[in-house]
Structures are given as C-alpha cells and as structure tokens.
Amino acid sequence: MRLSSLPIATQKEAPADAEIISHKLMLRAGLIRKLAAGIYSWLPLGLRVVRNVERIVREEMNRAGGLEVILPSVHPGALWHETGRWDIYGPELLRFKDRHDREFCYGPTHEEVMTDIARRELRSYRQLPVIFYQIQTKFRDEIRPRFGVMRAREFVMKDAYSFHIDDASLQETYQVMYEAYSRIFERTGLRFRSVMADSGAIGGDVSHEFHVLADSGEDAIVFSNGSDYAANIEATPAPVPEGHRPAPGATMEKIATPDTHTIEEVSAMLNVPASACAKTLFVCGHEKDTVVALIIRGDHELNAIKAAKLPEVADPLQMANTAQIRKIANSNPGSVGPVGLQCKVYADHSAAHLSDFVCGANEDGFHLRNVNWVRDLPEAATADLRNVIAGDASPDGSGTLEIARGIEVGHIFGLGTKYSAPMKATVLDRTGKNVAMPMGCYGIGVTRIVAAAIEQNHDEGGIIWPTAIAPFQIVIVALNLQKSAKLREAAEALYQRLSSQGYDVLFDDRDARPGVKFADCELLGIPVRLVIGERGLDAGTIECRGRRDSDNENIAMAALDDYLRKKLQITS
RNA sequence: CGGGGCAUAGCGCAGCCUGGUAGCGCGUCUGCUUUGGGAGCAGAAGGUCGGGGGUUCGAAUCCCUCUGCCCCGACCA
C-alpha cells in the first residue's frame with residue numbers, strides 16, 4: 001500500500017475521551033474511529049491487523065478439526081426462551097421487535113443458534129464429535145463500555161462449539177482446543193498465560209481462560225511460584241488458617257471512633273493492624289428483601305463470585321443499599337459490625353479465625369474492641385469469601401501465590417448438557433437410545449486481541465506490533481523523493497520487488513518531511529523500517545531498523561533478503 | 001442503575017463567573033522558501049457554540065429541558 005493513497009491522517013493528540021494507551025494509539029494511528037459509545041469503525045490499517053489475527057485463529061481452528069460457519073447475528077426470541085436465557089440474560093441482551101411485533105435479539109453469544117443447528121443436523125453418534133466455529137460480530141449492551149475496543153459493545157469474536165456423544169469425548173476435544181488456543185496465542189507473538197477459571201454464567205464444570213499479560217489488565221490472575229498452578233483470582237480458593245483460634249483475652253469494650261469509617265482510619269486510630277479488624281459487608285439475599293452479612297478480615301477483599309455461590313445470597317452479587325443497612329444494623333455503613341445482627345451471617349475462614357478483633361458497634365461513631373466469636377456473638381457459618389492475596393499458600397499445596405494483571409482474550413468451557421438438554425439436541429447412541437450431547441464452547445475476542453497487543457507492546461513513539469499481526473511487515477520510507485528521479489526509481493523498484501516476494505509492504509511515498517515520516521513509522525509500529533535516501537543510494541546500501549532497535553544498520557542491497565528473513569522470522 | 005463531569009472548527013482547548021459582532025494551537029488548502037526526526041513566512045477555508053424552550057433590547061455566556069459522551073461506583077463498612 002502506498003501511504004500517499006491512504007486518506008487517513010495520523011494525529012498528534014488523542015481525543016480527550018480516550019483513557020488507556022491502546023485506545024489513544026489506535027485513534028492517533030487511524031486504526032479505528034468511534035461511532036457511538038462502545039461501537040467502532042475499523043479503518044484500513046486497523047482492519048489489516050484484525051484480519052491477521054483472524055487468519056491465525058482460522059488456521060488453527062481448521063487444524064484442530066473445526067468447521068467454519070456463519071450464523072445469523074439476529075436471533076428470534078423464541079430460541080432464547082427455550083433455554084430460559086431470554087429472561088435471565090439481563091439488559092446486556094439487546095432486544096428489539098420486527099414489524100410484526102415479534103421478539104428478536106442481537107446475538108451476544110451463539111449457544112442457542114448453534115444447538116439448534118446441531119439438533120436438526122446431527123442424528124447419530126457416528127457423526128460425532130464435531131466442532132463448528134465462526135468469526136463474527138457480537139453485540140453485548142455493556143453497562144459501561146470503555147477502553148475503546150477493549151470493552152466495546154460491538155466486537156468481533158471467534159466462537160466455537162463442540163458436540164459429543166459422551167463426556168470422555170468432550171474432554172478429549174477440550175484438550176485439543178486448549179492446545180489450539182495455546183498455539184494461537186503463541187503465534188500472535190504476545191506474552192500470555194492460561195489459567196483455570198470460574199465457569200460463570202455460561203455454566204459447566206471445566207473452564208480455562210487465556211490472558212494477555214499487561215499491567216493495565218482488568219483481571220487479576222494468580223499463579224504459584226512452586227508449581228504450575230495458575231487461576232483467575234475469582235476461581236482461586238483461599239487457604240483456611242491452620243491451628244486453633246486463639247483464646248479470648250480482654251473483655252469486649254465499646255470505644256468512640258468519631259468520623260472513622262474505613263478500615264484504614266479505624267486501624268490507624270486504634271493502632272491495630274487491618275488484619276486484626278473485621279469488616280462487615282451486607283449483600284442482598286436470595287429471598288426478596290433479605291440481606292446477608294459477610295465478615296471479612298480488614299486486610300482482605302470480598303470475592304463476589306464466591307459470595308454469590310452462598311445459598312442465601314443473590315446471584316449475581318448485589319450489595320445492600322444504605323437504607324437496608326440502616327434497617328438491619330441500626331447504623332450507617334462505616335460503623336456496622338457482626339455483633340447482635342438478626343440476619344444470616346457468614347464469616348470468611350480468616351475472619352472466623354480472629355480473636356480479640358475490632359469491628360463496628362452498629363452505632364454511629366463507635367467501634368468494638370476485643371470482640372470474640374462465641375463469647376460475644378454467635379459462631380458464624382464459615383465460607384471462602386475472599387480474594388487470595390500475594391503470599392497466600394497455593395491451593396495445590398506447593399509454593400505461595402503471586403498475582404499479575406491480565407487481559408482475558410480467550411475462554412474455553414466444558415458445558416455438558418446445559419443447552420443440549422433443554423433444547424433436546426439428542427443423537428442415537430450405539431444402543432439406539434436418544435442421548436443429549438455434551439457440549440463445549442470456546443471463545444476468542446478477536447478485536448480485543450488487537451487492543452491487548454498494543455497494551456502489551458508500545459513505547460513513547462507508539463505501537464510496536466508483533467510481526468505476525470502487524471498491518472504491514474515492512475515500511476519503506478523514501479526521503480526527499482521529489483528531489484531525485486533516481487531515488488524515486490530505486491524506491492519504486494524496492495517496493496515492487498519486496499511486494500512481489502510476498503511481503504506486506506507499506507510504501508511511504510508521501511511528499512512529507514523526514515521527521516513526519518519517521519514519527520508516523522513509530523506511531524504505526526511497523527516491525528521493519530527501510531529508509532531510502534541519497535546517503536546510501538550510491539553506495540548500494542539501505543538503512544534498516546527494527547521497531548524495537550535503537551540504531552540503524554546499513555545493509556548492502558544484496559544482503560537485504562537475508563536481513564529481512566532474519567528480522568521477520570515468521571512462525572507458522 | 002446510582003453519583004460526578006463534559007458538550008465551542010477535523011483534534012486539543014480558551015472564552016461563560018461579570019450577557020454586547022467567536023478565539024488560540026495542531027491539522028487542512030494556496031504560494032514561496034525549506035528538506036535525515038512532527039519546518040519557516042504569507043495568505044485562506046472551516047463553527048446555526050449538542051437540540052429545544054425561556055429570561056433579555058441583545059445569550060456560547062443566565063434559567064429550564066432533552067440528547068449525546070466521559071469518568072467514578074458494588075472494596076466503604
């Protein structure tokens with residue numbers, strides 16, 4: 001592509017509403033443009049990256065035995081009623097009606113549609129297992145779209161679904177897909193990690209997530225320094241304290257703590273560590289108008305996924321509002337505690353292990369000190385309610401846990417018959433009996449990978465694309481073309497030659513000053529830059545520089561092919 | 001959804017408090033000069049100040065309302 005024919009100008013300043021680096025750079029480089037909140041257009045350079053990611057995904061899906069399809073993005077509501085998800089999916093499901101007043105939705109995921117295909121087409125165990133996949137636009141009406149295409153409402157996803165005669169076959173395919181995913185992310189050139197995950201709303205028992213590692217990631221992922229244990233923090237069990245709870249010491253006393261609301265403030269005022277405080281959180285109960293109290297040690301954080309699994313607690317987790325808290329605790333948030341509560345109380349294992357702890361007194365401006373379970377309040381039901389913290393023992397018993405940030409770009413699930421049973425997607429087994437097919441589903445956020453790649457790979461100058469997904473492998477910068485016909489001929493010839501050799505080449509043939517061209521090269525992040533100027537022309541050399549290099553290399557024209565092969569070593 | 005904020009040229013912003021002919025930087029266009037790290041000079045185009053309503057002789061500015069967008073939020077107990 002000739003840059004002179006691309007009518008998209010790069011920008012020095014990013015729009016004020018872009019917050020994270022990938023969003024800013026994508027806008028400045030002209031990869032995307034916003035149409036509405038969470039809805040983006042992909043411009044030529046951005047689309048090339050998307051297509052490269054898609055190509056890798058498609059190749060590996062095909063290699064894993066997947067069959068590509070394209071399913072409709074608009075779904076009849078009736079299909080979603082069959083599985084009950086029309087009612088439980090919530091406002092993220094974009095619903096609308098056609099001219100006949102019939103219900104439809106824009107597909108946020110395609111289990112229903114895929115299962116409908118399966119139940120129509122699949123008749124016999126002899127046809128199984130089968131993997132269908134598609135690469136297609138999804139829409140999820142996110143509460144708060146943000147971070148550009150990272151958390152967009154409309155996005156491109158690869159979703160695959162597998163159908164099986166039994167769980168053993170599902171597990172086999174699950175493993176195949178796990179390996180395919182690992183290859184996909186290796187081939188993108190990104191640093192990634194697979195972790196065990198909570199299967200969440202989609203259901204099933206086995207589940208792994210694939211995360212691109214980046215400090216700006218929204219997810220916390222946990223791994224052991226003593227084993228290969230790795231999991232999403234949501235799914236990591238916290239260790240249960242060992243040994244007996246220390247015996248109660250001094251008598252419980254009430255102390256005035258005016259204007260002291262947070263654990264930090266309380267622990268500073270009373271000069272006790274946060275780990276000797278108990279914080280009380282009220283969440284909405286499963287039964288209407290009930291609340292449940294959750295007690296967590298002061299230095300710990302509530303894990304919403306774990307809490308929502310408690311039988312008395314509403315799923316998804318919803319915090320009680322101030323009015324509900326006042327009603328049950330007789331005080332405002334900031335002074336609440338577990339002593340004397342009339343509602344169901346759960347204590348995290350670590351909180352249940354506390355003796356002589358500090359907590360709110362259920363009276364505004366007061367806290368209690370030297371509080372003890374059994375002696376001062378009934379023993380609470382215990383559960384794992386907290387996020388693990390760095391240094392906790394690994395759940396598999398070897399090593400301690402460390403925490404890193406990640407961007408979730410892939411997720412695979414063993415679904416079982418969660419969809420096939422209600423939708424009656426059955427086949428005949430060897431004995432001639434109808435059985436519901438266990439299913440797996442496997443997703444990759446194609447457009448999110450593009451943003452994640454930038455989050456992980458950028459510098460002050462701009463994007464640094466991994467070669468495999470870069471919009472172009474090579475950029476030819478021709479300096480002062482207008483001054484020398486000879487220079488122009490040489491640049492043209494090089495562009496033609498490299499293009500015909502199969503390289504994706506961007507030719508900066510604009511009549512712009514050198515500084516402008518160099519700055520754009522860095523912003524666009526093309527892996528290899530070749531500069532043609534008067535300097536090397538007569539000497540028969542060309543100036544080469546990798547995007548991450550700090551210096552130029554002058555390569556003899558004859559040696560250019562070797563240089564490029566080495567620099568761009570493309571894995572496949 | 002709750003709370004906060006913003007909306008003025010393609011992008012970034014000022015002007016608003018204290019009402020009186022809409023500005024700056026970048027970008028764009030023309031010309032000349034310049035040409036190895038986002039050039040200089042001269043000129044130009046481009047805005048119904050998000051929409052609607054009100055107050056006023058007069059509204060970007062004050063008031064009401066609608067819309068759009070952004071940020072924060074279940075981690076405060």
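None of these values were measured; they are calculated from a predicted model. Here is how names work: the chains are called A, B, and so on, in the same order as the sequence lines, proteins then strands, and each is numbered from 1.
For the C1' atom pair drawn from B/U61 and B/G19, the interatomic distance equals 6 Å after rounding to whole Å. To the nearest whole angstrom, the two P atoms, one in B/G12 and one in B/C71, are 14 Å apart. For the C1' atom pair drawn from B/A59 and B/U18, the interatomic distance equals 14 Å after rounding to whole Å. Nucleotides B/U67 and B/G23, compared at atom P, are 33 Å apart to the nearest Å.
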Provide a list of protein-nucleic acid N or O atom pairs under 3.5 angstrom, restricted to nucleotides 68-73 of chain B.
unit_1: B/C69; atom_1: OP1; unit_2: A/Ala37; atom_2: N; d: 3.0
unit_1: B/C69; atom_1: O3'; unit_2: A/Lys34; atom_2: NZ; d: 3.0
unit_1: B/C72; atom_1: OP2; unit_2: A/Arg144; atom_2: NH1; d: 2.7
unit_1: B/C72; atom_1: OP2; unit_2: A/Arg144; atom_2: NH2; d: 2.6

Pairs: protein N or O with nucleotides 4-10 of chain B N or O, under 3.5 Å:
none

All N/O pairs under 3.5 Å across the protein-nucleotides 75-77 of chain B interface:
unit_1: B/C75; atom_1: N3; unit_2: A/Leu302; atom_2: N; d: 3.2
unit_1: B/C75; atom_1: N3; unit_2: A/Leu302; atom_2: O; d: 3.3
unit_1: B/C75; atom_1: N4; unit_2: A/Leu302; atom_2: O; d: 2.0
unit_1: B/A77; atom_1: OP1; unit_2: A/Ile263; atom_2: N; d: 2.1
unit_1: B/A77; atom_1: O2'; unit_2: A/Gly334; atom_2: N; d: 3.3
unit_1: B/A77; atom_1: O2'; unit_2: A/Val336; atom_2: N; d: 3.1
unit_1: B/A77; atom_1: O2'; unit_2: A/Val336; atom_2: O; d: 3.2

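In terms of the side-chain contact (heavy atoms from CB on, under 4.5 Å) criterion, residue partners of A/Asp549 (sequence neighbours excluded) are, by chain and number, A/Arg545, A/Tyr563, A/Lys567. Residues meeting the ring pair (Phe, Tyr, Trp, His ring centres under 6.0 Å) test with A/Trp86, sequence neighbours left out: A/His81.
Listed by first and then second residue, the ring pair (Phe, Tyr, Trp, His ring centres under 6.0 Å) pairs involving residues 3-39 of chain A are A/His23-A/Tyr40 (not counting sequence neighbours). Pairs of residues two or more places apart, or lying in two chains, that qualify as ring pair (Phe, Tyr, Trp, His ring centres under 6.0 Å) and include a residue from residues 334-357 of chain A are A/Phe357-A/Trp373.
Across residues 475-496 of chain A, A/Leu479, A/Asn480, A/Gln482 each have a non-hydrogen atom less than 4.0 Å from an atom of RNA chain B (numbered order). Less than 4.0 Å separates RNA chain B from no heavy atom of any residue of residues 457-464 of chain A. Contacts of residues 341-356 of chain A with RNA chain B (heavy atom under 4.0 Å): none. Taken residue by residue, residues 548-558 of chain A places heavy atoms nearer than 4.0 Å to RNA chain B at A/Asn552.
In this structure, A/Glu492 pairs ionically with A/Arg2, as a charged nitrogen and a carboxylate oxygen lie closer than 4.0 Å. Between A/Glu455 and A/Arg448, none of the side-chain N atoms (NZ, or NE/NH1/NH2) sits under 4.0 Å from a carboxylate O, so this pair counts as no salt bridge. A salt bridge links A/Lys34 with A/Asp17; the closest basic N to acidic carboxylate O contact falls under 4.0 Å. Ionic pairing of A/Glu253 and A/Arg369 is present here: one or more N-O contacts between side-chain nitrogen and carboxylate oxygen are shorter than 4.0 angstrom. Salt bridge annotation for A/Glu142-A/Arg151: present, with a cationic side-chain nitrogen under 4.0 angstrom from a carboxylate oxygen. No salt bridge links A/Asp459 with A/Arg548; every basic N to acidic carboxylate O contact stays at or beyond 4.0 Å.
Across all strands shown, B/C16 forms no Watson-Crick or G-U wobble pair with both key distances under 3.5 Å. Base pairing of B/G37 is not made with any nucleotide, judged by Watson-Crick or G-U wobble geometry with both donor-acceptor distances under 3.5 Å. Pair assignment for B/U28: B/A44, on the basis of Watson-Crick or G-U wobble contacts that are both within less than 3.5 Å. Applying the Watson-Crick and G-U wobble criteria (two distances, each under 3.5 Å), B/A7 pairs with B/U67.
The base of B/G36 has none of its N or O atoms less than 3.5 Å from a complementary donor or acceptor on the side chain of A/Glu534.
Contacts of A/Arg529 with the nucleic acid, taken as non-hydrogen atoms under 4.0 Å apart, include base atoms. Residue A/Arg545 is in base contact, counting any heavy-atom pair closer than 4.0 Å across all strands shown. Nucleic acid contact class of A/Ala14 (heavy atoms, under 4.0 Å, all strands): sugar-phosphate only. Using a 4.0 Å heavy-atom cutoff across all strands shown, A/Thr10 reaches at least one base atom of the nucleic acid. As judged by a 4.0 angstrom heavy-atom cut-off over every strand, A/Leu317 is placed among the base-contacting residues.
The side-chain tip of A/Lys254 points at the ring of A/Phe366 from less than 6.0 angstrom away and within 45° of straight on.
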* Structure fact -> In 5'-to-3' order, the base (B), backbone-only (S) or no-contact (-) status of each nucleotide in nucleotides 22-33 of chain B, using a 4.0 angstrom heavy-atom cut-off, is ---BS-------
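In this structure, the CD atom of A/Glu142 is 14 Å from the C1' atom of B/C1, given to the nearest Å. Following rounding to the nearest Å, A/Phe518 (CZ) and B/G36 (P) show an atom-to-atom distance of 9 Å. Going from atom CD of A/Gln324 over to atom P of B/G2 covers 16 Å, rounded to whole Å.
OP1 and OP2 of B/G38 both lie 4.0 Å or more from every side-chain N or O belonging to A/Arg513.
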